[in-house]
Amino acid sequence: MVKFMKRAVELAVENVRDGGQPFGAVLVKHDRVIAEGVNELHKTYDVSGHAEMLAIRRAQKELQTNDLSGFTMYASGEPCPMCLTAMYYAGIEKVFYCASLEEAVEVGLEKSKVIYEDLQKPKSERALTMIQVPLDEEQENPMELWKERK
């Protein structure tokens, strides 16, 4: 376990030196590194280019599966809501992290904390306005189509 956490932190340090944020991630199964990632927002201008997301994408592509059950994520920092959600969807079962959310806030990386707090609110009180729009009567319903396929 210690070697994987050290690797995640090494990746984060390298990324800061390269102009990026202090986040690195290592995805492991059966004591073997399957994929790694660092935040690449400074290179790709893609807000989903987080270390954990990239490690997940790389593993899923290499293994040709969406199911990462039995995998463990090692991250240099506490995962943001987006990365945490991706881990739930992928079936990742355990996450070890080094720097806490509070430590990230202390160095000016407060977005995750703001989002976690916002998600605790009812939809009507969140910063992001969400409005449900019903289908037109003539539109095919993708949910019903999915249900029929199953």
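Below, all heavy atoms of this structure are taken into account, side chains as well, without hydrogens, waters or symmetry copies. Since we're looking at a predicted model, the values are computed, not measured.
Annotation: side chain of Arg126 is in contact with side chain of Lys123 (closest heavy-atom distance under 4.5 Å). Residues Leu68 and Leu27 form a side-chain contact, since some pair of their non-hydrogen atoms from C-beta on lies under 4.5 Å apart. Using a 4.5 Å heavy-atom threshold, the side chains of Glu36 and Leu11 count as touching. Residues Glu78 and Ser112 have side chains not in contact (no heavy-atom distance under 4.5 Å, counting atoms from C-beta outward). Using a 4.5 Å heavy-atom cutoff, the side chains of Val13 and Pro22 are not in contact. Glu140 has its side chain within reach of Leu145: a pair of non-hydrogen atoms, C-beta onward, lies under 4.5 Å apart. You'll find the side chain of Arg32 reaches within 4.5 Å of the side chain of Ile34, heavy atoms only. Using a 4.5 Å heavy-atom threshold, the side chains of Pro142 and Leu135 count as touching.
Enclosure of atom NZ in Lys113 is not indicated, since only 12 or fewer non-hydrogen atoms of other residues, nucleotides or ligands lie within 6.0 angstrom. Residue Tyr97 places its OH atom among 12 or fewer non-hydrogen atoms of other residues, nucleotides or ligands, all under 6.0 Å distant. Other residues, nucleotides and ligands contribute over 12 non-hydrogen atoms within 6.0 Å of the CD atom of Glu138.
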Residue pair Glu148, Trp146: steps toward the side-chain contact (heavy atoms from CB on, under 4.5 Å) verdict: CA-CA 5 Å; Glu148 290 169 12; Trp146 174 257; over 6 Å; no
Full working for side-chain contact (heavy atoms from CB on, under 4.5 Å) between Leu109 and Lys111: CA-CA 6 Å; Leu109 298 165; Lys111 193 66 155 184; over 6 Å; no
side-chain contact (heavy atoms from CB on, under 4.5 Å) between Asn66 and Tyr89, worked out: CA-CA 8 Å; Asn66 290 322; Tyr89 275 114; over 6 Å; no
Test log, rule side-chain contact (heavy atoms from CB on, under 4.5 Å), inputs Glu52 and Met87: CA-CA 8 Å; Glu52 300 92 333; Met87 288 183 233; 3.8 Å; yes
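The closest side-chain donor-acceptor pair between Asp67 and Thr65, if any, does not fall under 3.5 angstrom. In summary, the side chains of Ser48 and Arg57 do present a donor paired with an acceptor at a separation below 3.5 Å, with no hydrogens or angles considered.
When atom types are taken as modelled, the side chain of Glu93 and the backbone of Gly70 share a donor-acceptor pair closer than 3.5 angstrom. Remark: side-chain polar atoms of Gln120 are not paired, donor with acceptor, to backbone N or O of Glu117 under 3.5 angstrom. Put simply, the side chain of Asn141 gets close to the backbone of Glu144: a donor and an acceptor are under 3.5 Å apart. Between the Asn39 side chain and the Ala51 main chain, a donor and an acceptor come within less than 3.5 Å of each other. Glu125 places no side-chain N or O within donor-acceptor distance of the main-chain N or O of Pro122, the cut-off being under 3.5 Å.
The two residues Val38 and Leu54 have their closest heavy-atom pair at O-CD1, 3.3 Å. Of all the heavy atoms in Ala86 and Met53, the pair that sits closest is CB-SD, 3.4 Å. Considering every non-hydrogen atom in both Ala35 and Ala59, the closest pair reads CB-N, 3.8 Å. Contact record, Asn15 with Gln21: ND2-O, 2.9 Å, taken as the closest heavy-atom pair. Of all heavy-atom pairs between Cys98 and Val9, the closest is SG-CG2, 4.2 Å.
The hydrophobic clustering, which links ILVMFWY residues whose side-chain heavy atoms are closer than 4.5 Å, places Val33 and Met5 together. In the hydrophobic clustering of ILVMFWY residues, with side-chain heavy atoms under 4.5 Å counting as a link, Tyr88 and Leu101 come out together.
Distance OG1/Thr72 to CG/Asp31: 10.0 Å, rounded to 0.5 Å. Separating the CD1 atom in Ile56 from the NZ atom in Lys61 is a distance of 16.0 Å, to the nearest 0.5 Å. Separation of atoms CE (Met73) and SG (Cys83) is listed at 7.5 Å; rounding is to 0.5 Å. Atom CD1 of residue Ile115 and atom CD of residue Glu110 lie 10.5 Å apart, to the nearest 0.5 angstrom. Considering CZ of Phe71 and NZ of Lys29, their distance stands at 5.0 Å, rounded to 0.5 Å. Interatomic distance, Glu14 CD to Glu10 CD, rounded to the nearest 0.5 Å: 6.5 Å.
The aromatic rings of Tyr74 and Phe4 are tilted relative to each other, their planes meeting at an angle between 30° and 60°.
Electrostatic pairing of Glu40 and Arg58 counts as a salt bridge here, judged by a charged N lying under 4.0 Å from a carboxylate O.
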